[in-house]
Structure formats: C-alpha cells, structure tokens
Amino acid sequence: MSEPTHLTLAQARDALKARTLSASELTQAHVDAIERAGELNCFITKTPELALKAAKESDSRIARGEAGPLEGLPLGIKDLYCTGGVRTTAASRILDDFTPPYESTVSGNLFRDGAVMLGKLNLDEFAMGSSNETSAFGPVISPWRRKGANGIDSAKIVPGGSSGGSSSAVAARLCLGATATDTGGSIRQPAAFTGTVGIKPTYGRCSRWGIVAFASSLDQAGPITRTVRDAAIMLRSMAGHDPKDTTSVDAPVPDYEASIGASVKGKRIGIPKEYRLDGLSPEIAALWDQGVAWLKDAGAEIVEISLPHTRYALPAYYIIAPAEASSNLARYDGVRYGLREKGRDITDMYEKTRAKGFGAEVRRRVMIGTYVLSAGYYDAYYVRAQKIRSLIKRDFDLAFAAGVDAVLTPATPSPAFALGEKGSTDPVEMYLNDVFTVTVNMAGLPGLALPAGLSGNGLPLALQLIGRPFDEETLFALASAIEQAAPKINPPDPWWRDGATRP
Amino acid sequence: MSVDSAVVRRIAHLSRIAVEDAEVERLRGELNAILAFVEELNAVDVSGVEPLTSVLPMNMKKRADVVNDGGIADAVLANAPEREDHFFVVPKVIE
C-alpha cells in the first residue's frame with residue numbers, strides 16, 4: 001500500500017473497515033505530513049493532540065463494531081466553522097482569541113459520524129477573497145507550481161479562495177478532505193485551482209448555524225476532496241435539517257455515493273452561450289468542448305441554452321454580498337468577544353477596534369455594503385440588485401423547465417496565478433475570478449467543480465456542473481462520468497517537504 | 001454615481017471604521033472602481049420584477065414560544081474583552 005496520506009477518503013474508509021490500517025496510524029501519517037508542510041501555511045490552528053485522541057477513540061469504536069460512516073477519517077475544518085473549545089478566527093484579527101463554547105452544526109455532524117479533526121484551515125479574511133491573500137494569518141501557497149520553458153518555475157501559486165487552506169491541504173495530501181464554504185465561488189474556484197473536487201450544495205442543504213456569516217442569503221457549506229466519490233461521502237454527513245437554521249431544509253439526505261457511476265444516458269446538458277465570454281482563453285474553451293464530448297460519449301444529450309442575465313450576476317453580487325456582510329459584520333464591535341481597542345468613548349472604541357481588526361478587503365466591502373444600504377441609495381443599488389437576482393434565477397428556472405437536467409460550464413476563466421499577480425491596484429480584477437461561479441449562488445443552485453485537465457503551464461483546469469435545486473445526485477453522476485473520462489492528473493511533487501518547516 | 005472624500009468619510013463613520021486622512025483618497029478610488037463596475041446594472045429593465053428575498057419557496061419556520069436555552073451566562077461572557085460579574089463592560093455612555 002502507498003503512503004496512507006495518498007489514499008482517497010473512500011479507500012481509507014475501506015482500509016479502516018477491513019482493519020488493514022488503524023485510525024491512529026492514518027491520523028499520525030497526516031499529522032506528520034502537516035508538520036512537514038509549514039511552508040504551505042494551510043493551517044491557522046493545528047490540533048494534533050486532539051486528532052490523535054479522537055483517532056484512538058475511533059479505533060475502539062471500530063473494534064466494538066460501532067463505527068460511524070466517517071469513522072477515523074482525518075479532515076481539515078475551514079476556520080470559518082466554530083469548533084467547540086478550539087480557537088476560531090475567520091482569518092481575521094478582529095476575532096482575536098475567540099474560542100467558541102459551541103460546535104457548528106456541520107462540523108458537529110462530521111464528528112457525530114466519526115471524523116477526526118486535524119486542525120483549522122486558513123482562508124481569506126471572513127471568506128472575502130479569491131486567492132487566500134486577504135488572510136490575517138498570511139497567504140496559503142498551492143502545492144502546484146507552473147512549468148515554464150526552463151522547467152519548474154518557483155513562483156508561489158495561489159490556491160484560490162476563499163477556501164484556500166482547504167484546497168491546498170487536500171491537494172497536498174495533508175488531509176483526506178476538508179470543509180469549505182461558498183458565497184460566490186469559494187468552494188469551486190479553489191477546487192478548480194488545485195485539481196480537487198468541490199461541491200456547493202443547494203442553498204438550504206447544509207445548516208449555516210455556527211459558521212461565521214458573510215452573506216447569509218448566499219453562504220453554503222460544502223466539502224473539498226480529491227475525488228467525486230469522496231465529495232459525495234462527505235456531503236452526506238454534512239447535509240441535513242437543523243432547527244437552529246430556519247433556512248435549512250427539512251428533506252431527507254440521499255445516499256449520494258450511490259450516484260457515483262450511475263448512468264447519465266439521456267440526461268440533457270445545457271451549454272449556456274453567454275458563458276462563452278469575449279476573450280475567453282482558447283485553453284478554457286477547448287476544455288469546455290472536451291467536457292461536452294465526454295458527456296456526449298457517456299450518452300448525455302447536449303443542448304445549447306441561453307441564460308441572458310449572466311453578465312449581470314457578478315455586479316449584482318458585489319452589491320448584495322457586501323450589503324449582507326456590512327450587516328453581519330456589525331456584530332464585531334469589541335464588546336462581547338474578540339479584539340478591543342481603547343477609545344475616548346464608545347463610538348471611538350468601535351471605530352478604532354474595527355479599523356484595526358478588519359483587513360483592507362473587509363473594510364472595503366463593509367463600506368460598500370453600508371453605502372448601498374444607506375438612505376437615498378437603497379432603491380437604486382440594493383433593491384435593483386435584488387430584482388436582477390430574480391432575473392438570474394428565472395433564467396435557470398426556464399432552462400430547467402425546458403427539460404435541462406444540468407448545465408456544464410468552465411469553473412474559472414483562467415488557471416491559478418502567482419501571489420501578488422492580481423487585484424493589487426483594482427479590486428475588481430480579483431472579483432472577475434468568480435464570473436462563472438457566482439450565478440449559482442445568486443440562484444441558490446448546487447454547483448460542482450472538478451478537475452478536467454492541465455493548462456499549458458502545468459496547472460489544473462476545471463469544469464463546473466450546475467444542477468436543479470436539491471438534485472446533487474445528478475451532479476455526482478455526471479461528475480463521476482467526467483472523472484472517468486478525463487486524463488488522470490498526477491499529484492504535485494511534494495517540493496515543500498524539502499524546506500525547513502515553520503513551527 | 002461616484003463618491004467624493006466627504007462621502008467616504010461619512011460611509012466610514014456609518015460603518016464605524018476609523019479612517020486616517022491619508023487613507024481617504026485611496027479608499028475613494030477603490031470604492032469608485034467598484035461603483036463603476038456595478039454601473040452596468042442600470043442597463044437592465046427591471047420594471048415589474050419583484051426583488052428576490054429567498055431562493056427557496058419556503059415559509060419561515062416557527063418554533064414554540066418557550067424558553068429552550070439559557071442559564072449559561074459564564075459561557076456567554078467567556079470571550080468578552082472586559083467583563084465584571086455577569087456584565088459586559090463598555091466605556092461610559094451616559095454622562
């Protein structure tokens with residue numbers, strides 16, 4: 001058997017069940033891999049002692065025949081999920097040493113099913129970013145590197161964002177899978193950048209309770225894994241009704257793993273012509289055509305569709321998401337938890353605390369959100385954006401009503417870029433990363449990104465499947481058909497193991 | 001629409017975020033870049049369109065109107081930057 005860290009989550013599960021590997025061995029292998037990967041900066045908080053203790057308990061449950069569906073499987077948890085007794089930062093200074101006395105519902109569901117937590121994964125501050133460069137704990141580095149004419153280029157590549165710690169850690173084999181969250185593409189874009197699989201389920205499929213809120217009408221939890229099957233396994237445990245989140249849906253959670261390898265014959269796949277943007281890179285266009293060919297070969301029927309309001313999704317998102325964020329982030333005032341800066345009076349204390357605690361991107365978005373919600377601008381910006389959101393959703397409703405089962409698009413307009421390469425002068429340049437993913441959040445639909453090839457410079461490229469509400473099963477079936485057909489992508493060489501590890 | 005430095009200061013104050021004089025000009029540029037980006041929404045005809053407030057056709061669920069949690073003041077206060085007994089302490093707000 002290869003190194004335990006190179007097993008897929010499903011393989012590790014089966015090895016534990018067959019007792020050819022113990023949860024303690026599996027967890028120790030991951031703890032060691034994390035220790036040697038300090039350079040990637042994937043973790044904000046590592047919890048090796050807790051992990052090894054949990055693994056030992058898993059081993060005894062396995063021995064007693066009481067194993068849960070994820071028993072003994074080591075995972076990383078995005079540091080936006082509150083974890084009982086373990087510091088939770090949202091990658092922001094403003095939360096300081098905040099240690100939740102409670103557990104988020106979704107992480108709690110994973111632990112209920114036996115999963116082992118290795119630690120808390122880095123992210124863009126409050127999940128606002130597309131490159132993991134806005135974290136107060138430093139950027140995450142992707143395990144991938146570009147190939148140039150003279151061999152490997154040592155430029156540090158971003159893992160995408162906001163779930164960059166999750167995507168990098170999964171791609172670098174530091175955990176079998178990771179939790180993530182997606183408000184405009186924060187699961188799918190980092191998965192696309194790192195050759196991993198990410199699914200944002202339908203809005204309401206997973207509870208948002210205990211996950212630090214960014215934009216409540218758009219936020220959803222989901223997994224990042226190395227295979228489609230692994231994503232199906234994790235999502236089944238994460239999903240489910242929660243009375244503590246009124247938007248969580250009271251509907252049974254299917255056994256998503258049963259959809260892996262299911263026939264996709266006769267499925268109607270919509271190809272939205274509006275996604276063929278002016279200036280779409282030929283490499284991405286070719287990948288998309290290849291995806292169409294794979295699904296056609298698997299027996300699916302391909303139809304061109306029109307989603308006419310696509311181009312307005314991103315600008316409308318940059319009104320709605322900051323508006324909700326400005327409201328959600330009002331709670332960080334230095335009174336009940338987190339950072340407090342001294343001030344002359346209470347307003348001065350609030351203003352100094354928030355100026356020091358929030359990073360530049362968060363301050364920018366809170367201010368934009370405050371502006372579009374302020375008297376005199378509310379109708380012109382916020383209400384108009386909400387109306388456009390209705391039109392975006394209607395585009396998809398009409399396509400599905402016409403018999404389309406799922407939509408196939410590229411996941412991102414480009415492969416990953418190097419640190420500092422984008423958005424330093426114009427924030428909008430970074431926002432354009434989410435142009436293909438953000439429509440899905442606006443319409444509340446499930447979307448899955450999976451690797452489909454490599455770029456000319458050796459970086460992963462991905463396709464996105466968009467499904468009907470609560471039809472994640474069709475996405476898993478289609479994704480596993482693409483996964484079967486796509487060329488196998490070799491994991492990146494572990495160059496980071498050579499360097500000295502940071503403490 | 002675009003914002004001038006007075007509006008930047010006003011938004012910052014409404015947001016309860018202190019800004020240094022030196023930051024105002026940079027923020028003005030960044031906020032205007034975002035406002036220019038969302039400008040194209042004005043091209044959409046939204047007459048007769050209802051604003052979307054929920055992506056799911058669902059009614060707000062209501063729970064029984066009973067106390068179902070509480071008595072955990074220590075846990076509530078555990079992360080407070082400043083506390084006294086079971087109270088959050090803030091700078092004086094009434095003279």
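Residue numbers start from 1 in every chain, and the chains themselves are labelled A, B, ... in the order their sequence lines are given, proteins ahead of strands. It should be emphasised that the depicted structure is a prediction, and the values quoted were computed from it without experimental measurement.
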(message) Checking the side chain of A:Asn441 only, and the main-chain atoms of A:Asp182 only, is there a donor and an acceptor separated by less than 3.5 Å?
(response) yes

(request) Mind ranking A:Asp250, A:Ile368, A:Ile319 by heavy-atom pairs under 4.5 Å with chain B and telling me who comes out on top? (result) A:Ile368

(request) Let me know if A:Pro427 has heavy atoms under 4.5 Å from chain B in its side chain, its backbone, both or neither. (result) side chain

(message) Treating A:Arg87 as the side-chain partner and A:Asp96 as the backbone partner, does any N or O pair qualify as donor plus acceptor under 3.5 Å?
(response) yes

(request) Return the option, out of A:Met442, A:Arg364, A:Lys352, A:Lys342, with the maximum number of heavy-atom pairs under 4.5 Å with chain B. (result) A:Arg364

(request) Examine whether an atom of B:Arg83 lies under 4.5 Å from a heavy atom of chain A, and if so say whether it belongs to the side chain, the backbone or both; otherwise answer neither. (result) neither

(request) Using a cut-off of under 4.5 Å on heavy-atom pairs, state which of B:Ile11, B:Val76, B:Val3 scores highest against chain A. (result) B:Ile11

(message) Can you tell me which of A:Arg384, A:Lys393, A:His309 forms the most heavy-atom pairs within a distance under 4.5 Å of chain B?
(response) A:Arg384

(message) Donor-acceptor check, side chain of A:Gln220 to backbone of A:Cys206, threshold 3.5 angstrom: yes or no?
(response) yes

(message) Would you say that A:Met367 contacts B:Leu31 through its side chain, given a criterion of any heavy-atom pair below 4.5 Å between the two side chains?
(response) yes

(request) Measure the shortest side-chain to side-chain distance between A:Pro308 and A:Asp395 over non-hydrogen atoms and say whether it is less than 4.5 angstrom. (result) yes

(message) Report which part of B:Leu14 has an atom under 4.5 Å of a heavy atom belonging to chain A: side chain, backbone, both, or neither.
(response) both

(request) Below 4.5 Å from any heavy atom of chain B, which atoms of A:Tyr431 appear? Answer side chain, backbone, both or neither. (result) side chain

(request) Measure B:Asp74 against the heavy atoms of chain A and call it side chain, backbone, both or neither at under 4.5 Å. (result) neither

(message) Is the distance between the ring centroids of A:Tyr332 and A:Phe98 under 6.0 Å?
(response) no

(request) Report yes if the side chains of A:Ile466 and A:Phe396 come closer than 4.5 Å at any heavy-atom pair, otherwise no. (result) yes

(request) Over 60° means perpendicular and under 30° means parallel, so classify the ring planes of A:Tyr371 and A:Tyr381, tilted if in between. (result) tilted

(message) At a 4.5 Å cut-off on heavy atoms, which part of A:Arg311 comes close to chain B: side chain, backbone, both, or neither?
(response) both

(request) Please examine the side chains of A:Lys422 and A:Glu133, heavy atoms only from C-beta on, and report whether any two atoms are closer than 4.5 Å. (result) no

(message) Keeping A:Lys200 on the side-chain end and A:Gly447 on the backbone end, is there a donor-acceptor pair under 3.5 Å?
(response) no

(request) Would you mind checking which part of B:Phe37 comes under 4.5 Å of any heavy atom in chain A, side chain (CB onward), backbone (N, CA, C, O), both or neither? (result) both

(request) Go through A:Ile392, A:Ile388, A:Thr202, A:Val366 and name the one with the most non-hydrogen pairs under 4.5 angstrom from chain B. (result) A:Ile388

(message) Heavy-atom cut-off 4.5 Å, strictly under: side chain, backbone, both or neither for A:Leu432 against chain B?
(response) side chain

(message) Is B:Glu20 in contact with chain A via its backbone, its side chain, both, or neither, using a 4.5 Å heavy-atom distance?
(response) neither

(request) Indicate yes or no for a side-chain donor-acceptor contact from A:Arg365 to the backbone of A:Ala325 under 3.5 Å, with no hydrogens or angles considered. (result) no

(message) With a 4.5 Å cut-off on side-chain heavy atoms, are A:Thr83 and A:Glu103 touching?
(response) yes

(message) What I'd like to find out is whether the side chain of A:Val435 reaches to under 4.5 Å of the side chain of A:Leu277, using heavy atoms alone.
(response) yes

(request) Let me know if A:Leu314 has heavy atoms under 4.5 Å from chain B in its side chain, its backbone, both or neither. (result) both

(message) Quick check for you: among A:Arg394, A:Glu351, A:Arg344, A:Gln386, which has the greatest number of heavy-atom pairs under 4.5 Å with chain B?
(response) A:Glu351

(request) With a 4.5 angstrom heavy-atom cut-off, could you sort out which part of A:Ala316 is near chain B: side chain, backbone, both or neither? (result) both

(message) At a 4.5 Å cut-off on heavy atoms, which part of B:Val7 comes close to chain A: side chain, backbone, both, or neither?
(response) side chain

(message) Just so I understand: if I count every heavy-atom pair under 4.5 Å between each of A:Ser390, A:Gly444, A:Ala360 and chain B, which residue has the most?
(response) A:Ser390

(request) Would you mind checking which part of A:Met349 comes under 4.5 Å of any heavy atom in chain B, side chain (CB onward), backbone (N, CA, C, O), both or neither? (result) side chain

(request) Identify which part of A:Asp97 has an atom lying under 4.5 Å from any heavy atom of chain B, answering side chain, backbone, both or neither. (result) backbone

(request) Identify which part of B:Ala75 has an atom lying under 4.5 Å from any heavy atom of chain A, answering side chain, backbone, both or neither. (result) both

(request) Name the region of B:Leu56, side chain, backbone, both or neither, that has any atom closer than 4.5 Å to a heavy atom of chain A. (result) side chain

(request) Verify, without hydrogens or angle tests, whether A:Arg340 (side chain) and A:Gly334 (backbone) share a donor-acceptor contact under 3.5 angstrom. (result) yes

(request) Kindly give the heavy-atom pair with the smallest separation between A:Leu329 and A:Phe358, and that separation in Å. (result) O-CZ, 3.9 Å

(message) Whether the side chain of A:Asp348 engages the backbone of A:Asp345 through a donor-acceptor N/O pair (distance < 3.5 Å, no angle test) should be reported.
(response) no

(message) Given heavy-atom pairs under 4.5 angstrom as the criterion, report whether the side chain, backbone, both or neither of A:Tyr317 touches chain B.
(response) neither

(request) Look at B:Ile34, B:Ile72, B:Val90 and state which one has the largest set of heavy-atom pairs under 4.5 Å with chain A. (result) B:Ile34

(request) Would you check if A:Leu218 and A:Ile320 make a side-chain contact, meaning some heavy-atom pair closer than 4.5 Å? (result) yes

(message) With a 4.5 angstrom heavy-atom cut-off, is it the side chain or the backbone of A:Val335 that approaches chain B, or both, or neither?
(response) both

(message) Looking at chain A, which one of B:Val8, B:Val44, B:Asn42 has the largest number of heavy-atom pairs inside 4.5 Å, strictly under?
(response) B:Val44

(request) Let me know if B:Val93 has heavy atoms under 4.5 Å from chain A in its side chain, its backbone, both or neither. (result) side chain

(request) Can you tell which part of A:Thr99 gets under 4.5 Å to a heavy atom of chain B, answering side chain, backbone, both or neither? (result) both

